[in-house]
Amino acid sequence: EVAAGKKVVILDGVGYPGVGSLVGCSNADVAKVTNACALLIGKPGLGDCIDSFCECSTFFESAQVKVLGMIVNRVTDGKEKTSMV
């Protein structure tokens, strides 16, 4: 067993929780089978961040997978300059 003797094991899912549903093996299914909790990684931006968390956490919870929370990735101070090319 991979987790034997370890305090933490990280399973990295791909994309959204439903990826793999087409073949009956979503990220949520893998988490459930391995008795893992989910820690979601989100995109920056207030609206997208909250909407994505609500959608993804609902999918995991519908598969009886506990969601620990969310880490927002690539947060900036908002002072970056952008250009439109």
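All residue numbers refer to positions in the sequence shown, counting from 1. Quick caveat: nothing in here was measured; it's all calculated off a predicted structure.
Between Ala36 and Val65, the shortest heavy-atom contact is O-CG1, 3.5 Å. In terms of heavy-atom proximity, Cys25 sits nearest to Val30 at SG-CG2, 3.8 Å.
In this structure, Ser52 contributes its side chain and Cys49 its backbone to no donor-acceptor pair below 3.5 Å. Checking side-chain atoms of Glu55 against main-chain N and O of Phe53 turns up no donor-acceptor pair under 3.5 Å. With Asn27 contributing its side chain and Gly20 its backbone, the two residues share no donor-acceptor pair below 3.5 Å.
The CG atom of Leu39 sits 9.5 Å away from the CE atom of Met70 when rounded to the nearest 0.5 Å.
Under the side chain to side chain contact (heavy atoms under 4.5 Å, CB included) rule, Pro17 has a single partner from Cys56, Ser62, Ser57, Ser26, which is Cys56.
Within 6.0 Å of CG in Leu22 there are 12 or fewer heavy atoms belonging to other residues, nucleotides or ligands.
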